[in-house]
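To keep things clear, I will list the structure first and then write my remarks on it.
Index from 1, following the sequence.
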Amino acid sequence: MRLLRLVLLFAAMFGIGYAFAAIRLFPAAEDPTDVDFTEIPDLTGASLAEAGARLSALGLVSTDQGRLHHGEIPAGAVVAQRPLPGQFARAGDTIVLTTSAGIETRRVPDLAGLPGREAATLLTRLGFDIDIEETDESTVAGAIRTEPPAGTSLPLPARVRLFVSQGKAIVSVPDLHGRHVDDLALILEEVDLQLGAIRYQAEAPGVQGRVIFQSPDPGAALRGEGFVSVIVAGTPPDSATADLTRDAVRDTVPPTPGNGQAPGDG
């Protein structure tokens with residue numbers, strides 16, 4: 001009987017010692033459901049100092065990371081946060097804040113003279129919305145101007161109107177051979193061309209005052225308001241005109257076929 005009591009006592013002491021050692025050496029894992037979570041507030045529009053104070057009061061830490069342009073939220077105020085508003089965080093967690101760099105602006109470039117497609121592409125790459133309007137303000141094809149004008153600084157998004165000239169229409173050069181010099185200007189005006197240099201060749205066979213050569217050739221394609229130069233049979237009305245016309249076309253009108261030198265030279 002005494003032996004039984006000793007055995008039971010020893011067993012009880014062993015059990016108590018084992019339990020104590022197990023608790024000290026192998027503590028129970030912390031229950032994750034026993035941690036306090038805080039709902040993250042929406043800090044959009046708050047200043048960086050205000051946002052930091054609100055998070056600190058909740059036991060959270062804030063950090064500023066980068067800036068983004070924003071058309072409505074003033075510079076320095078919060079525009080984004082991570083984690084998002086409404087999510088939960090534990091005490092000591094860090095909330096990453098992004099602040100506004102204010103409204104982004106762009107300066108309208110000077111596009112005059114650029115091909116219309118290149119000008120439109122450049123405006124688009126700068127972030128502008130564009131409207132293209134064709135105009136006949138210039139006989140030269142390409143960009144003419146913008147509204148607002150070049151140099152204007154605009155907050156994005158912004159719309160710019162680009163005025164583009166298609167240039168004068170391509171027309172066919174009429175045949176002036178045999179026509180009288182006095183009629184040429186009117187004939188060319190009817191097809192939106194202009195009379196260029198006139199040269200005379202006294203020794204040329206043909207009727208006095210009639211065209212014996214023209215440049216460009218009949219049927220050639222020429223943009224509107226282009227010039228057509230001619231050689232006329234006979235002599236000019238006066239010597240002063242002869243000098244002026246000879247000098248004006250020296251490099252533009254080729255020699256008369258069959259003649260080894262330019263008419264009037266030599």
Measuring only between side-chain heavy atoms, which start at C-beta, is [X] closer than 4.5 Å to [Y]?
X    : Y    : answer
V228 : P216 : yes
P83  : I95  : yes
S62  : L48  : no
P174 : L188 : yes
E118 : L122 : no
D93  : I40  : no
T152 : T146 : no

Is [X] linked to [Y] within one hydrophobic cluster, defined over Ile, Leu, Val, Met, Phe, Trp and Tyr using a side-chain heavy-atom separation of less than 4.5 Å?
X    : Y    : answer
L162 : V160 : yes
V78  : L58  : yes
L156 : I130 : yes
L55  : V79  : no
I103 : I73  : no

Looking at [atom1] of [X] and [atom2] of [Y], how far apart are the two atoms once the value is rounded to the nearest 0.5 Å?
X    : Y    : atom1 : atom2 : value
R90  : L60  : CZ    : CG    : 11.5 Å
D217 : L222 : CG    : CG    : 11.5 Å
D131 : F163 : CG    : CZ    : 9.5 Å
T44  : L97  : OG1   : CG    : 9.5 Å

Inset, instruction - Might you confirm whether atom CD of E190 has over 12 heavy atoms from other residues, nucleotides or ligands at distances under 6.0 Å? - result: yes
Legend entry - Crowding at CD, E133 (>12 non-hydrogen neighbours, <6.0 Å): yes
Legend entry - Check: F227 main-chain N/O paired with Q194 side-chain donor or acceptor under 3.5 Å: no
Legend entry - Side-chain donor/acceptor of S229 to backbone N/O of G196, under 3.5 Å: no
Inset, instruction - I would like to know whether D175 and Q214 meet side chain to side chain contact (heavy atoms under 4.5 Å, CB included); could you show each step before the answer? - result: CA-CA 8 Å; D175 188 354; Q214 70 178 77; 3.7 Å; yes
Inset, instruction - Among residues two or more places apart or on two chains, list those pairs meeting side-chain hydrogen bond (donor to acceptor under 3.5 Å, both in side chains) that have a residue in residues 96-115. - result: E104-R106
Inset, instruction - Give the intermediate values and the outcome of side chain to side chain contact (heavy atoms under 4.5 Å, CB included) for residues E189 and L195. - result: CA-CA 8 Å; E189 183 180 343; L195 180 60; over 6 Å; no
Legend entry - Minimum heavy-atom distance between Y200 and I198, given as atom pair plus value: CE1-CG2, 3.7 Å
Inset, instruction - Give the C-alpha distance, both sets of side-chain angles, the deciding distance and a yes or no for side chain to side chain contact (heavy atoms under 4.5 Å, CB included) between Q65 and R82. - result: CA-CA 10 Å; Q65 184 177 6; R82 190 178 71 247; 3.7 Å; yes
Inset, instruction - Test side chain to side chain contact (heavy atoms under 4.5 Å, CB included) on Q81 and D42 and set out the steps. - result: CA-CA 8 Å; Q81 61 188 82; D42 186 355; 3.9 Å; yes
